[in-house]
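Residue numbers start from 1 in every chain, and the chains themselves are labelled A, B, ... in the order their sequence lines are given, proteins ahead of strands. Both backbone and side-chain heavy atoms feed into the values below; hydrogens, waters and symmetry mates do not. All figures in this text were calculated on a predicted structure; none of them were measured in a lab.
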Amino acid sequence: MKPPDKATVIQVLRDISLLLQMKGENPFRSRAYDSAADRLAGLSEDLGALLRDGRLQELPGIGQAIADKVSELLTTGRLASYEALRAELPAGVLELVRVPELGPKKAVLLARQLGVDSVDALEKACREGRVRQVAGFGEKSEANLLAGIELYRRSNNPRRLLGEVLPVAERLLASVQTLPGVIRASVGGSLRRRAETVGDVDLIASAAGASAVFDAFCAAPEVAHVIGRGESKCSVRLHEKDLQVDLRVLPDEDFATALHHFTGSRAHHVRLRGLAQERGLKISEWGVHRADGTKLHVPDEAALYRLLDMQYIPPELREDTGEIEAALAGKLPEDLVTWEDLQGAVHAHSTWSDGKNSLEEMARAAQALGLKFLTVTEHSQASIYAGGLKEDDLRRQWEEIDRVNDSVKGVRLLKGIEVDILESGALDYTDAVLEQLEVVIGSVHVRHGMDEDQMTRRLLKAFDNPHLHILGHPTGRMLPSREPYPLRMEEVLDKAAERGVVVEVNGKPERLDLKTEHVRMALERGVKLVVSCDAHRAVDLGNLAFSLGTARRGWARRGDVLNTLSAEQFIATLRKQRAA
DNA sequence: GCCGTTTTCGGCCCGACTGTTTTCAGTCG
């Protein structure tokens with residue numbers, strides 16, 4: 001039997017946490033399973049390797065009991081205590097808790113009292129007015145459950161892609177900033193941390209009074225429905241993409257601590273608040289207080305970290321994956337790559353292959369973003385479906401690139417290719433053509449079905465070609481629909497480091513490939529990166545922001561990312577990397 | 001269930017909102 005993958009282990013731990021809550025167990029025991037799941041989710045190392053080396057228990061939050069359970073699950077494919085727990089509770093409860101508004105306690109109550117064992121059965125019970133007969137439930141509960149069921153049905157995975165949501169959120173933020181009385185406002189939540197997917201949008205604003213702000217916010221044309229509204233929080237659902245937006249409005253003196261609180265992550269906060277306790281401080285969204293109730297002045301987030309004697313931690317790093325220890329020791333990198341550092345955008349297509357805009361339009365879009373160069377990397381001949389270029393087409397394209405470079409000032413198009421890495425690991429052009437190009441990205445586009453061994457060897461073989469500069473979207477995943485192809489990432493990155501192959505952090509919202517954990521693995525090995533936009537339209541140059549966010553989440557510094565160099569240095573460095 | 005530079009027992013982050021309640025439990029983030 002195939003051993004369960006990491007995602008399965010994480011899911012089982014989360015299920016155990018829920019089942020323990022259903023049983024009414026000690027909530028801290030339940031939380032321990034959740035924390036362990038969080039820890040594994042943020043892990044860059046291979047779970048199987050940790051198990052083999054007996055190092056599972058070295059992970060904070062994983063002790064003897066959970067390590068044993070993970071071990072049992074990984075080695076036997078089953079977990080007896082989990083199965084026993086499931087058997088103790090009514091069937092279907094783990095499905096029921098996926099309905100928003102329905103938590104473990106209510107789910108088990110309804111399952112026991114009404115015999116509902118599925119979301120369908122729950123809906124029927126609501127419609128027949130049976131739910132309101134259960135103590136603690138009323139007519140409103142029924143209506144809310146029906147609304148929750150509809151939401152649950154509309155999308156099995158309610159999390160949206162960062163690249164879909166961020167532009168919507170930033171537009172909304174701009175309008176909130178103009179509402180009456182608003183002093184400061186920011187995006188918060190996993191969106192601010194640049195997680196690859198986000199569940200909803202958190203906006204935090206400061207103003208003298210919340211009421212007028214909420215009135216205006218709820219009346220905005222993009223708002224479809226007001227979910228709830230209290231003293232400091234208001235939740236709405238937008239017409240656009242069915243997105244839920246939570247707006248918090250607080251006095252300006254509480255803005256920094258509120259922004260910090262609603263940025264998360266939960267794991268980061270738990271650690272930080274523990275540290276605060278040791279210093280006799282209490283942190284909440286309403287400020288930092290001493291035990292005697294004195295409130296400390298916290299004008300911005302940096303001040304909050306200073307109170308705990310640690311370096312400022314940027315939002316993208318707040319996941320409790322080592323950033324707290326580093327910040328306490330003063331070892332957090334202070335030169336994480338920023339938007340301002342970027343001089344060029346990597347990976348763009350034009351109408352020469354499957355792009356929608358001309359070379360000149362792409363150049364002008366790059367110019368408008370203040371970029372100094374853009375690498376034009378069309379598909380190669382094997383990618384017939386994507387209008388891949390024959391070698392002759394390429395030469396004609398170079399003439400047009402020269403013309404555009406003469407006419408559009410301040411930005412330079414680099415002559416490149418996204419060449420297919422064929423099934424054999426060979427590249428899809430002759431060396432005679434490849435050596436004339438300034439930028440060669442090699443990517444896998446066909447035959448994803450190879451097994452782990454075959455795919456690993458395919459990539460390593462491609463590294464043998466000295467003209468390959470950059471490995472493009474290394475795992476081929478597409479969120480949420482296509483799994484990454486199987487690959488021994490450690491081996492690929494080891495070899496990339498050894499051979500000077502640069503690795504792409506692809507910024508297309510569905511890809512974000514490398515993902516965060518792999519970025520860290522690459523950097524630990526000294527692999528150099530490019531952040532890319534994989535643009536097929538001029539507007540896609542904005543994908544660079546998503547790639548940048550992923551690189552920062554992986555702790556990438558300015559010097560790790562080659563498109564922070566000038567065009568000349570960029571080209572020279574790509575060549576030098578491979579010559580070394 | 002995890003954890004420990006006073007502790008191997010006794011803590012564990014913190015609060016808003018809702019619906020159902022007359023003081024709180026459940027859910028969410």
Of A:Arg29 and A:Phe262, the one whose closest DNA chain B nucleotide lies more 5':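 Its nucleotide being nearer the 5' end, the pick is A:Arg29.
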5′-ward residue of the pair A:Gln244/A:Lys69 relative to DNA chain B: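 Per heavy-atom nearest nucleotide, the more 5' residue is A:Lys69.
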- prompt: Quick one: salt bridge (Lys or Arg N to Asp or Glu O under 4.0 Å) partners of A:Arg127, sequence neighbours excluded?
  reply: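 For A:Arg127, the residues satisfying salt bridge (Lys or Arg N to Asp or Glu O under 4.0 Å) (neighbours in sequence not counted) are A:Glu123.
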- prompt: Does the side chain of A:Val99 come within less than 4.5 Å of A:Arg153's, by heavy atoms?
  reply: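 A:Arg153 vs A:Val99: side chains apart.
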Which part of the nucleic acid, if any, lies within contact of [X], taking any heavy atom under 4.0 Å across all strands shown: a base, the sugar-phosphate backbone alone, or nothing?
X	result
A:Phe137	sugar-phosphate
A:Ile283	sugar-phosphate
A:Leu272	nothing
A:Pro100	sugar-phosphate
A:Glu139	sugar-phosphate
A:Arg31	base
A:Asn26	base

query: What is the base-pairing partner of B:dC3, counting Watson-Crick and G-U wobble geometry with both distances under 3.5 Å?
result: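 When the pairing criteria are applied, B:dG10 turns out to be the nucleotide that pairs with B:dC3.
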Of all the choices, [options], which nucleotide is nearest to the side chain of [X] once you look at every atom?
X	options	result
A:Val270	B:dG15, B:dG19, B:dC13	B:dC13
A:Asn144	B:dG29, B:dT18, B:dT20	B:dT18
A:Asp246	B:dG29, B:dC12, B:dC14	B:dG29

message: Under a 4.0 Å threshold between the charged nitrogen and the carboxylate oxygen, would A:Glu316 count as salt-bridged to A:Arg194?
response: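 Looking at A:Glu316 together with A:Arg194, the answer is no, because their closest N to O distance does not fall below 4.0 Å.
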task: Could you tell me whether A:Arg130 and A:Glu128 make a salt bridge, using a distance below 4.0 angstrom between a side-chain N and a carboxylate O?
output: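 Yes, this pair counts.
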